[in-house]
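Because only heavy atoms are used, hydrogens play no part in the values below, and waters and symmetry mates are left out as well, while side chains stay in.
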Amino acid sequence: MDVVLLQRRFSEYLTSLFNEGFLDEQFKQLQELQDENSPDFVFEVVTLFFEDSERLLNELAKALVQPSIDFQKVDAHVHQLKGSSSSIGAGRVKDVCIHFRNFCEEQNIEGCLRCMQQIKHEYSLVKNKLENLFRLEQQVIQAGG
């Protein structure tokens, strides 16, 4: 495929991620830190985000099924996930975390369980979108772009 066409597809896809709120300005700042000395910087940071998020989601799932829920512990996990998602610019995940923390403060189990489902959904979406973005980026590179 033509490198110019691939670059355009990559650019349009990236723009759509910003327009749909999956990514915010923080992601652009990550991209600016990437250079020839660290060409995989964004990929590496996002991969760490995926690993950390999977661990935190598992911890949250365990904490929310306990007979007596420790809302401080749940809130601590959500706070970490909010920080991780903010650091890579995963805006929609971060936004759900904000609501989740409010429900933790209120000790509202129903609200927490709803937010847990929303976070899993938003995380799955952004992970899929970012993996697609990295695949497109690799296609551009392989085509000589």
Side-chain angles (χ1 to χ4, degrees), residues 5-143 145:
L5 180 61
L6 285 170
Q7 287 171 325
R8 185 178 318 129
R9 281 181 50 197
F10 175 82
S11 179
E12 288 171 355
Y13 187 71
L14 182 59
T15 299
S16 76
L17 296 182
F18 285 101
N19 291 343
E20 294 170 25
F22 287 106
L23 299 176
D24 63 26
E25 288 300 310
Q26 184 61 35
F27 190 81
K28 287 181 183 175
Q29 290 179 7
L30 275 182
Q31 288 180 305
E32 290 171 11
L33 294 172
Q34 184 165 292
D35 59 22
E36 63 275 352
N37 294 326
S38 54
D40 297 325
F41 179 76
V42 174
F43 177 79
E44 291 168 2
V45 170
V46 170
T47 299
L48 290 173
F49 165 72
F50 291 157
E51 292 168 3
D52 194 44
S53 296
E54 307 260 338
R55 178 186 60 77
L56 288 168
L57 289 170
N58 286 332
E59 292 295 324
L60 278 167
K62 287 181 205 168
L64 288 170
V65 296
Q66 297 303 310
S68 177
I69 295 173
D70 181 346
F71 285 97
Q72 283 186 319
K73 184 176 185 179
V74 171
D75 184 60
H77 292 314
V78 176
H79 182 70
Q80 279 186 293
L81 185 57
K82 179 179 167 258
S84 296
S85 56
S86 293
S87 72
I88 69 141
R92 287 169 49 162
V93 174
K94 178 193 73 178
D95 291 344
V96 177
C97 287
I98 291 168
H99 295 295
F100 201 152
R101 292 197 70 203
N102 290 335
F103 286 123
C104 287
E105 188 176 312
E106 297 167 4
Q107 297 193 1
N108 179 334
I109 184 61
E110 298 303 320
C112 287
L113 291 171
R114 274 194 314 274
C115 282
M116 180 66 189
Q117 292 309 310
Q118 284 180 294
I119 280 184
K120 286 174 18 182
H121 177 72
E122 290 299 338
Y123 168 74
S124 176
L125 287 174
V126 78
K127 182 177 183 192
N128 183 272
K129 303 268 185 192
L130 286 168
E131 288 172 342
N132 287 338
L133 181 71
F134 293 136
R135 271 193 290 280
L136 279 172
E137 183 177 47
Q138 284 305 307
Q139 290 174 4
V140 169
I141 291 167
Q142 289 171 358

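- Looking at residues two or more places apart in sequence or on another chain, you find no side-chain hydrogen bond (donor to acceptor under 3.5 Å, both in side chains) involving Arg8.
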Problem - Worked check of side-chain contact (heavy atoms from CB on, under 4.5 Å) between Leu23 and Leu14 - result: CA-CA 9 Å; Leu23 299 176; Leu14 182 59; 4.1 Å; yes
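- The shortest side-chain heavy-atom distance between Phe100 and Leu60 falls under the 4.5 Å cut-off.
- Using a 4.5 Å heavy-atom threshold, the side chains of Phe22 and Leu130 count as separate.
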Which atom pairs, donor and acceptor, lie under 3.5 Å between side-chain atoms of residues 63-74 and protein residues at least two apart or in another chain?
unit_1 : atom_1 : unit_2 : atom_2 : d
Gln66  : NE2    : Lys62  : O      : 3.0
Asp70  : OD1    : Gln72  : N      : 3.2
Asp70  : OD1    : Lys73  : N      : 3.1

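- Residue pairs satisfying the salt bridge (Lys or Arg N to Asp or Glu O under 4.0 Å) criterion with at least one member in residues 78-90, sequence neighbours excluded, are absent.
- In this structure, the separation between CD on Gln80 and CG on Asp75 is 10.5 Å, given to the nearest 0.5 Å.
- Judged purely by atom type and a 3.5 angstrom limit, Ser11 has no side-chain atom pairing as donor or acceptor with the backbone of Gln7.
- For residues 30-44, the pairs satisfying side chain to side chain donor-acceptor pair (under 3.5 Å) are Asp35-Ser38, with sequence neighbours left out.
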Please table the atom pairs, donor to acceptor, closer than 3.5 Å between any side-chain atom in residues 47-58 and protein atoms at least two apart or in another chain.
unit_1 : atom_1 : unit_2 : atom_2 : d
Thr47  : OG1    : Phe43  : O      : 2.7
Asp52  : OD1    : Arg55  : NH2    : 2.6
Asp52  : OD2    : Ser84  : OG     : 2.8
Ser53  : OG     : Phe49  : O      : 2.8
Glu54  : OE2    : Tyr123 : OH     : 2.7
Glu54  : OE2    : Lys127 : NZ     : 3.2
Asn58  : ND2    : Glu54  : O      : 3.3

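- Closest approach of Phe27 to Ile88, counting heavy atoms only: CD1-O, 3.3 Å.
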Identify all side-chain donor-acceptor contacts of residues 114-122 below 3.5 Å with residues at least two apart in sequence or on another chain.
unit_1 : atom_1 : unit_2 : atom_2 : d
Glu122 : OE1    : Arg92  : NE     : 2.8
Glu122 : OE1    : Arg92  : NH2    : 3.2
Glu122 : OE2    : Arg92  : NH2    : 3.3

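- Applying the side-chain hydrogen bond (donor to acceptor under 3.5 Å, both in side chains) test to Glu12 and every residue at least two apart in sequence or in another chain returns nothing.
- Contacts of Glu110 classified as salt bridge (charged side-chain N to carboxylate O under 4.0 Å, His left out), with partners at least two apart in sequence or in another chain: none.
- Rounding to the nearest 0.5 angstrom, the gap separating the CZ atom in Arg135 from the CZ atom in Phe10 is 13.0 Å.
- Across Leu6 and Ala143, no two heavy atoms sit closer than the pair CD1-CB, 3.6 Å.
- No side-chain heavy atom of Leu113 sits less than 4.5 Å from a side-chain heavy atom of Phe103.
- Asp95 pairs by the side-chain hydrogen bond (donor to acceptor under 3.5 Å, both in side chains) definition with nothing, not counting sequence neighbours.
- Judged as a side-chain hydrogen bond (donor to acceptor under 3.5 Å, both in side chains), and not counting sequence neighbours, His99 has no contacts.
- Shortest non-hydrogen contact noted between Ser86 and Lys94 is OG-CD, 3.0 Å.
- Counting heavy atoms from C-beta outward, Leu33 and Gln29 have side chains that stay 4.5 Å or more apart.
- Applying the side-chain contact (heavy atoms from CB on, under 4.5 Å) criterion to Ser124, with sequence neighbours excluded, gives no partner residue.
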